[in-house]
Amino acid sequence: MYDIIGDIHGRADELEALLLKLGYQRQGAVYKHPERKAIFVGDFIDGKGQHRKTVDICRSMVEQESALAVMGNHEFNAICYSIPDNTGDYLRPHNEKNVRDHAEFIAELPFGSHKHRETIDWFKSLPLFLDLGELRIIHAVWHYPSFPIVAPWLDDNNCLLPDAFAPASDKNHPLYHAIEHLLKGIELELPEGFSFNDKRGNLRTAARIRWWDEQATHWSNATIGTGNAALPHLPLPEQRYRYTDTVPLFVGHYWMDGNPGALSENVACIDYSVARPGGKLVAYRWGGEQKLDQNNFIWVDRTL
């Protein structure tokens, strides 16, 4: 059985507190449970926290087979931030915005250092998704149209091949858009004249869509992460993607708030914004059920 744990973003103290609450005990350098295994949904880094300690805990658990993990968009970004392109820059440019976004991670693991290179190599070993038969794990959305596009660029463990990162960083390549969907969600351009500032203060003219919500049909009720932006009551401009399978699906990424709960009978987001004050680090204790149980969400509050 599995304990699916949400985005950590360097909050190692909360991670250890949650693992202890779930019944994991430290044995040498690794946390283990006598009967269960953890699954991390990605986004181990980028935030005000303890990145080195977080990576060490999670990596040790994965390598000692007390946990599984998938890649988040922040791991993907960190990889591309480390790979030179053919212009003298990097696949993820070292511009002001990106330097700012990665600053906390690089402060702990200096760019190009042995520990940084070792961590990037571990990020590359993380699969894009896990299909365990009775449940599925992906960072942002189980987007069926994207799977045939990424398939040629994956190894037997569903990890991106070394040659995949360049096309996955090229906005003119189909792989770029497939990775955007799987790791960052389904985004649509807002109606002309509308925009919002994201959680990092960056101006956005495209918004993530609530793909799990059958009622999300108009701009005024279909987006997530747009804060208090006043969006018009206009229908979305294209056919909406829905996850309609009965296999339980767990995602992170979306910075939910309030009391943790399922998004639908079989879809749960377990990212509850531990990266910001007032957030929570959340797990779902899965015991084989097909319909998710509200009582199986377990969490710890962020410490100051």
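As the structure is a prediction and not an experimental result, all values here were calculated from the model.
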What orientation do [X] and [Y] show, parallel under 30°, tilted 30 to 60°, or perpendicular over 60°?
{"X": "His9", "Y": "Trp255", "value": "tilted"}
{"X": "His218", "Y": "His233", "value": "parallel"}
{"X": "Tyr144", "Y": "Phe147", "value": "perpendicular"}
{"X": "Tyr81", "Y": "His102", "value": "tilted"}

- Query: Within the distance-only criterion (no hydrogens, no angle test), does the side chain of Asn158 pair as donor or acceptor with the backbone N or O of Leu154 below 3.5 angstrom?
  - Reply: no
- Message: I'd like to know if the side chain of Arg117 and the backbone of Gly112 have a donor-acceptor N/O pair within less than 3.5 Å.
- Response: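 Between the backbone of Gly112 and the side chain of Arg117 there is a qualifying donor-acceptor contact (under 3.5 Å).
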- Message: So, taking the atom named OH in Tyr243 and the one named CG in Asn266, what distance separates them when rounded to the nearest 0.5 Å?
- Response: 6.0 Å
- Message: Under the criterion side chain to side chain donor-acceptor pair (under 3.5 Å), I'd like the reasoning laid out for Arg285 against Asn296: C-alpha separation, chi angles, the key distance, then a yes or no.
- Response: CA-CA 5 Å; Arg285 174 146 279 190; Asn296 290 353; over 6 Å; no
Closer than 4.0 angstrom, basic N to acidic O: yes or no for [X] and [Y]?
{"X": "Lys97", "Y": "Asp101", "answer": "yes"}
{"X": "Lys115", "Y": "Asp56", "answer": "yes"}
{"X": "Glu108", "Y": "Arg52", "answer": "no"}
{"X": "Arg136", "Y": "Asp245", "answer": "yes"}
{"X": "Lys53", "Y": "Asp13", "answer": "yes"}

Shortest non-hydrogen contact between [X] and [Y], atoms and distance:
{"X": "Tyr24", "Y": "Ser66", "answer": "CE2-O, 4.4 Å"}
{"X": "Phe76", "Y": "Leu183", "answer": "CB-CD1, 3.7 Å"}
{"X": "Val150", "Y": "Ala178", "answer": "CG1-CB, 3.6 Å"}
{"X": "Gly185", "Y": "Tyr254", "answer": "CA-OH, 3.6 Å"}

Counting C-beta onward and ignoring hydrogens, is there a side-chain heavy-atom pair between [X] and [Y] closer than 4.5 Å?
{"X": "Gln25", "Y": "Leu20", "answer": "yes"}
{"X": "Val300", "Y": "Lys21", "answer": "yes"}
{"X": "Arg302", "Y": "Lys280", "answer": "no"}
{"X": "Ile298", "Y": "Tyr284", "answer": "no"}

- Would you check, one step at a time, whether the test side chain to side chain contact (heavy atoms under 4.5 Å, CB included) holds for Leu231 with Asn221? CA-CA 9 Å; Leu231 300 181; Asn221 70 353; over 6 Å; no
- Within 6.0 Å of CD in Gln27, more than 12 heavy atoms from elsewhere: yes
- Using a distance-only test with no angle check, is there a side-chain donor-acceptor pair under 3.5 angstrom linking Asp7 and His253? no
- Scan side-chain atoms only and decide if Asp89 and His94 contain a donor-acceptor pair under the 3.5 Å cut-off. no
- Could you walk me through whether Val70 and Phe40 pass the side chain to side chain contact (heavy atoms under 4.5 Å, CB included) test, one step at a time? CA-CA 6 Å; Val70 297; Phe40 301 112; over 6 Å; no
- Task: For Trp299 and Tyr272, run ring pair (Phe, Tyr, Trp, His ring centres under 6.0 Å): C-alpha distance rounded to whole Å, both residues' side-chain angles, the deciding distance at 0.1 Å, then the answer.
- Result: CA-CA 9 Å; Trp299 64 88; Tyr272 277 79; 7.9 Å; no
- Go through Arg59 and Glu118 one step at a time and tell me if the side chain to side chain contact (heavy atoms under 4.5 Å, CB included) criterion holds. CA-CA 11 Å; Arg59 180 179 176 182; Glu118 182 181 66; 3.2 Å; yes
- Message: One pair to check against ring pair (Phe, Tyr, Trp, His ring centres under 6.0 Å): His143 and Tyr241. What are the steps and the verdict?
- Response: CA-CA 8 Å; His143 190 247; Tyr241 176 79; 4.7 Å; yes
- Ile57 and Glu16: CA distance, side-chain angles, deciding distance, side chain to side chain contact (heavy atoms under 4.5 Å, CB included) verdict: CA-CA 9 Å; Ile57 291 170; Glu16 289 187 300; 3.6 Å; yes
